[in-house]
Amino acid sequence: MFSAFDANELGLNKHHWKVAYVSYLVGDKLGLTEFEKNDLIYLGMIHDIGVLPWGKDEQLINFFEEEEFEHCLRGYNFLKNTYFDQYAPVILSHHDHFQGKNKTGLAGKEIPLFSRIIYLADRVAFFFQDNMHPLLVKEKVVEKIVSGKNILFDPEIVDVFLVVAETEDFWLTLGDGDILNQCLNIHPGQHRWLELDEVISIAQLFAKIIDHKSHFTFYHSQLIAEVAKFAGEIFGFDLEVRKALEVAGLLHDLGKLTVPEEILEKPAALSREEFSVIKQHTFYTYYWLIDVFPEEIVRTAAFHHEKLDGSGYPFKKKGEEISLQERLLGVVDMFVALTEDRPYRKGLKYREVKEILFNEVRANRIDRECVKILLDSYPEIITRMQRVLETEAG
């Protein structure tokens, strides 16, 4: 799932994988525990969580031009009061310079150790050039890191990195995405099964990231989760199924991190080529989640554009191949999308929503019972959606 942080419309660039790998090796040489090294892997994967295309002020953010501290602060705000709360201070300081004069007010050893490690690893990954042979890149990267010793980087961590960087194995691994992934997978650290409420907390964090992709869908995933959970109550699903629906709703659009903003924000109908790009988002949602969450949750999240007549995407499921929960989330997604403001129209009212949904029912694309439950509870659902918006905005 952390592959999502390296996503773009062309695929993955592995930046965060490289940072995680370098951080792990430096932590290992420093004699950190397996738990601490595992934390460094997670931190490497999520260190740029604050690099987003849209903020609440609706200003486009250019990662390469904006002040470094801004995305650190945004990442800190994302993580605090979530399952990853303990990582928030590390992310806040992960671009702090060792010599000081940082907006955090910290300098030298006051900067969290993990922040100092992540910063050096981030610069190694940044200076590493994928278009050159890895062993020819070594000299340039090492020179850059050494030039920042005592100024940008903790001298102790620089010295440890130089030991790590001596082997050809290190550089060749950085240059090969498949082997890099394999190496990260054989350093899993300590794992434990999560309670479903903890999974929901993690999913809420990812939903905020997804929804920041476009200011027109700023709370879309959170609205889907709320409506799906409520619809599950009406269906009489047990608590575990309702929580699973909530998680699926929060994560259903994870793959949209691969879709360019100009497509998501386009104030007109999409071209055939643009719609083809949109279609990839459920594919990525499925494959990013399948090794992390139970299959039932993953299918529900990723199948929300499948249709009963087989005309949906990306797996062309149809009829009984689509479970009730999967059908329900698909209808909820349509319902919420129709009521939301979009670049090309204002949110629709009850009569328009009803007409569109029943046209889909008559064409045997979506489930009649799911549509009926949502429309019969329309006032309550709208009230609940408004409550989510007010809570998040407040």
Side-chain angles (χ1 to χ4, degrees), residues 1 82-83 193-211 217 219-256 281-282 284-286 288-290 292-308 312 315 317 320-340 353 357 360-361 365-378 380-389 391-392:
M1 185 168 70
T82 72
Y83 180 79
W193 292 107
L194 298 177
E195 299 294 330
L196 198 46
D197 287 338
E198 293 177 304
V199 173
I200 290 173
S201 178
I202 295 171
Q204 286 171 337
L205 169 63
F206 275 84
K208 289 180 181 179
I209 298 167
I210 299 161
D211 291 350
T217 58
Y219 303 114
H220 176 74
S221 299
Q222 295 161 80
L223 292 172
I224 296 293
E226 176 64 24
V227 176
K229 183 173 60 174
F230 175 64
E233 291 178 26
I234 301 173
F235 265 112
F237 295 153
D238 64 34
L239 181 60
E240 292 295 297
V241 174
R242 297 200 304 270
K243 287 184 176 181
L245 270 171
E246 182 179 3
V247 173
L250 289 167
L251 296 173
H252 77 289
D253 272 348
L254 182 63
K256 279 192 175 174
H281 82 275
T282 45
Y284 281 106
T285 293
Y286 183 87
W288 283 341
L289 298 179
I290 193 60
V292 182
F293 292 99
E295 185 176 3
E296 177 187 354
I297 290 177
V298 178
R299 286 173 56 97
T300 304
F303 289 6
H304 67 278
H305 284 296
E306 302 293 340
K307 303 297 181 186
L308 295 178
F315 301 109
K317 299 294 182 182
E320 296 305 314
E321 294 178 310
I322 308 172
S323 73
L324 179 56
Q325 291 98 308
E326 294 156 12
R327 298 179 189 201
L328 177 58
L329 195 72
V331 174
V332 168
D333 181 63
M334 286 188 65
F335 177 93
V336 172
L338 290 171
T339 61
E340 290 176 314
V353 171
L357 291 179
E360 292 292 296
V361 169
R365 286 192 282 267
I366 61 177
D367 188 280
R368 177 182 294 273
E369 186 178 7
C370 294
V371 170
K372 188 174 186 304
I373 275 184
L374 293 184
L375 292 177
D376 287 349
S377 305
Y378 183 87
E380 173 67 14
I381 290 175
I382 296 300
T383 298
R384 284 172 175 260
M385 289 172 61
Q386 190 58 41
R387 198 176 300 144
V388 169
L389 296 175
T391 299
E392 293 298 327

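The basis for the numbers below is simple: all heavy atoms, side chains too, and nothing from hydrogens, waters or symmetry mates.
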Can you confirm whether R384 is buried at CZ, in the sense that more than 12 heavy atoms of other residues, nucleotides or ligands lie under 6.0 Å from that atom? yes
Looking at A248 and A301, what are the two nearest heavy atoms and their distance? O-CB, 3.6 Å
Look only at the side chain of E306 and the backbone of F315, and say whether a donor-acceptor pair between them is shorter than 3.5 Å. yes
Parallel, tilted or perpendicular: which describes the rings of H304 and H252, with under 30° parallel and over 60° perpendicular? perpendicular
So, taking the atom named CG in L223 and the one named CG in L250, what distance separates them when rounded to the nearest 0.5 Å? 10.5 Å
First locate atom CD1 of I290, then atom CZ of R299, and finally report the distance between them rounded to the nearest 0.5 Å. 9.0 Å
Here the pair of heavy atoms bringing I366 nearest to V331 is CB-CG2, 4.0 Å
Do K229 and E226 sit within salt-bridge range, that is, some charged N less than 4.0 Å from a carboxylate O? yes
Grab the two heavy atoms, one from I382 and one from T339, that are nearest each other, plus how far apart they are. CD1-CG2, 4.4 Å
Closest non-hydrogen contact found for V247 with A203 is CG1-CB, 4.1 Å
Parallel, tilted or perpendicular, judged at 30° and 60°: which one describes the rings of F237 and F235? parallel
Hey, does the side chain of S377 reach the backbone of E380 with a donor-acceptor pair shorter than 3.5 angstrom? no
Whether the side chain of D253 engages the backbone of K256 through a donor-acceptor N/O pair (distance < 3.5 Å, no angle test) should be reported. no
To the nearest 0.5 Å, what is the distance between CG (L251) and OH (Y286)? 14.5 Å
Would you say the side-chain atoms of S201 pair up with the backbone N or O of Y83, donor to acceptor, closer than 3.5 Å? yes
Testing the basics here: between L289 and V298, what is the closest heavy-atom pair and its distance to 0.1 Å? O-CG2, 3.5 Å
Pair V241-D238, side chain to side chain contact (heavy atoms under 4.5 Å, CB included): steps then yes or no: CA-CA 6 Å; V241 174; D238 64 34; 3.2 Å; yes
So F335 and V353, side chain to side chain contact (heavy atoms under 4.5 Å, CB included) or not? Walk me through it. CA-CA 7 Å; F335 177 93; V353 171; 4.0 Å; yes
What distance do L245 atom CG and E326 atom CD have between them, rounded to the nearest 0.5 Å? 10.0 Å
What is the distance from atom OG1 of T82 to atom CZ of F206, rounded to the nearest 0.5 Å? 10.0 Å
Is the shortest heavy-atom distance from the side chain of E369 to the side chain of L328 under 4.5 Å? no
Distance in Å, L374 CG paired with I381 CD1, rounded so as to fall on 0.5 Å steps: 4.5 Å
May I have the step-by-step check of side chain to side chain contact (heavy atoms under 4.5 Å, CB included) for Q204 and I200, ending in yes or no? CA-CA 6 Å; Q204 286 171 337; I200 290 173; 3.8 Å; yes
Which heavy atom in C370 sits nearest to a heavy atom in L324, and how many Å separate them? SG-CD1, 3.9 Å
